[in-house]
Number of protein chains: 2
Amino acid sequence: MTQSIEIVRSILEKKNTMAAKKKGLKPLNSVSMTDRVENILRDYFQENAFKPGDSLPGELEIAEKLDVSRNVVREALSRLRMLGIIESRTRRGMIMARPDILGGLERVMNPFILGKDTLNDVFEMRLILEMGMAEFLFARKTAQDIEELEEIVASQTSIEEPTKEEEIRFHTKLYDMTGNETFTRFQILLLPVFEHVFKKYRKGKTNTPPPDHIHHDGLVKVLKTGTVNDFRNAMQTHLKPYFDVIDL
Amino acid sequence: MTQSIEIVRSILEKKNTMAAKKKGLKPLNSVSMTDRVENILRDYFQENAFKPGDSLPGELEIAEKLDVSRNVVREALSRLRMLGIIESRTRRGMIMARPDILGGLERVMNPFILGKDTLNDVFEMRLILEMGMAEFLFARKTAQDIEELEEIVASQTSIEEPTKEEEIRFHTKLYDMTGNETFTRFQILLLPVFEHVFKKYRKGKTNTPPPDHIHHDGLVKVLKTGTVNDFRNAMQTHLKPYFDVIDL
DNA sequence: TTTGTATATTTGACCAACAAATAAAATAAT
DNA sequence: ATTATTTTATTTGTTGGTCAAATATACAAA
């Protein structure tokens, strides 16, 4: 809300030079006008350190300075609005906003449209996250956390073979304990793809792998009394069925 | 390109029921029509397992069945096109496509507009990735990889204090060695924010931390002759300056 | 069968207009 | 003079229509 006027003025100058250089923005090789306007705006925001609250020129002003129609500008702004980069209310105009860093990821996390390689990558990334969180877990765990974990384990119908929901609940609690909300949300986004890929692997392989891994109660015990390295080893064993299907 | 006709037919039926239920889509509480159309389309793609190559109804058809203007539909489609969920060429119509899973993330990874908490989360996440990649590194490393790492280290002007570029080059090679392209690209996206946050931390703290950590040559040696746990411990020590600023 | 042509369709881009909301200005009331 | 109310003007949201460019499709010609 601060330096709005100077910002508006500077964006217009920039646009003038751009427009002048191109003598009227024209669609490029298979790149639509909307694509170009979107990129121009994002680049400009970044280069000039636009911050949430800063106000933007109106749609018409942008359209005129870029020498494109208001519709094209609106299509580009619609994209930025979806990502949360800008917000707009009638008459109040548009302002920069704080995007949800994972909003874009959430919209494409669909096992049916992602490529096979990408799906495998996601599967592996969740394993990497599980193995990498140990430091944070030990640095930030509390007695309360351990208690909750023990409750989760105690409520499980079978310690030998927890259901998918129980498995998820347990691991999500672990992520929570890192105190890193983005990290937690990130893994929740990965989960559906993780499950999807694992199912496919098990179909492809001969039999279902024997569940000879360390169970949740074991992990809690190590978390309670063991060391960081103990925990990592325990987690690696716990994840063995998943490492196995990718022959790691 | 396969079941296009049935898909078209079914999407239209769905839209009819939706439109009928709402008796003409109307803007909801601070939710634009474009938002709603975007969500309707994405939900529909997911629920009906749309795959890349499947063809979609035309803009006009969607607009009519949803009882909104073509402009609103185009703004929604513009968003999906940005994410890579759909592609469209004149007369050939629109088809489902393979989105870049990190495209949305790339567009919002801007230190100036993300919240302070989110920036901290990103900083921590990179540390988690570095600590979690050990299994993959040891499972997939090759002699060639080790050679390249040694070359990178040898080319460094000072082993004691590698430049930021040298540091990045070394670590990026490590990510490459995991064979996980998404993982590699992910960390490259995190890097600018990581550097940005680290700079802010160092300004806030008293002095620059003494560089008494394990250097790249040490990491390579462990990677060559040590165990996975050796490497993790070495990496933890190598990252100590970063763990220190967050008091971990 | 192959090639070339005409037609029709679909997306890309533009323009004009109005509705809804509200900031700003003008006016009225105290 | 200050406050409250009304009016005005501006900005985004949404609609409708038009035109251009590209290209499937059908058809005609070789």
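Every chain is numbered from 1 and lettered A, B, ... according to where its sequence line falls, protein lines coming before strand lines.
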Take atom CD1 of I86(A) and atom C1' of dT12(D), then tell me their distance rounded to the nearest Å.
-> 11 Å
What distance separates E195(A) CD from I168(A) CD1, expressed to the nearest 0.5 Å?
-> 5.0 Å
Measure the distance from CG on D67(A) to C1' on dA13(C) and round it to the nearest whole Å.
-> 12 Å
Sorted by first residue and then second, give each salt bridge (charged side-chain N to carboxylate O under 4.0 Å, His left out) pair with at least one member in residues 102-116 of chain B; sequence neighbours left out.
-> E38(A)-R107(B)
Are F45(B) and D54(B) close enough, and set up right, to give a side chain to side chain contact (heavy atoms under 4.5 Å, CB included), and what steps lead you there?
-> CA-CA 10 Å; F45(B) 296 159; D54(B) 292 345; over 6 Å; no
Whole-Å distance between dT9(C) P and M94(B) CE?
-> 17 Å
When only distance counts, do a donor and an acceptor, one from the side chain of N71(B) and one from the base of dG16(D), lie under 3.5 Å apart?
-> yes
Taken in chain and number order and not counting sequence neighbours, the residues that satisfy side-chain contact (heavy atoms from CB on, under 4.5 Å) with R169(B) are I152(B), S155(B)
Please state how far atom CZ in R74(A) lies from atom C1' in dC14(C), giving the value in whole angstrom units.
-> 15 Å
Can you name the closest pair of heavy atoms from R79(B) and S78(A) and give their distance?
-> NE-OG, 2.7 Å
Return yes if a side-chain donor-acceptor contact under 3.5 Å exists between R42(A) and N39(A), otherwise no.
-> yes
For atom CG of L77(B) and atom P of dT10(C), their distance in whole Å | 14 Å
Can you tell me how far P of dG12(C) sits from CD of E75(B), to the nearest Å?
-> 14 Å
E59(A) CD to dC15(C) C1', straight-line distance once rounded to whole Å | 15 Å
Considering only nitrogen or oxygen atoms on both sides, find all protein atoms under 3.5 Å from nucleotides 18-28 of chain D and state each distance.
unit_1: dA22(D); atom_1: O4'; unit_2: T90(B); atom_2: OG1; d: 3.3

Nearest-angstrom distance from the residue atom CG of L60(B) to P of dG12(C) = 13 Å
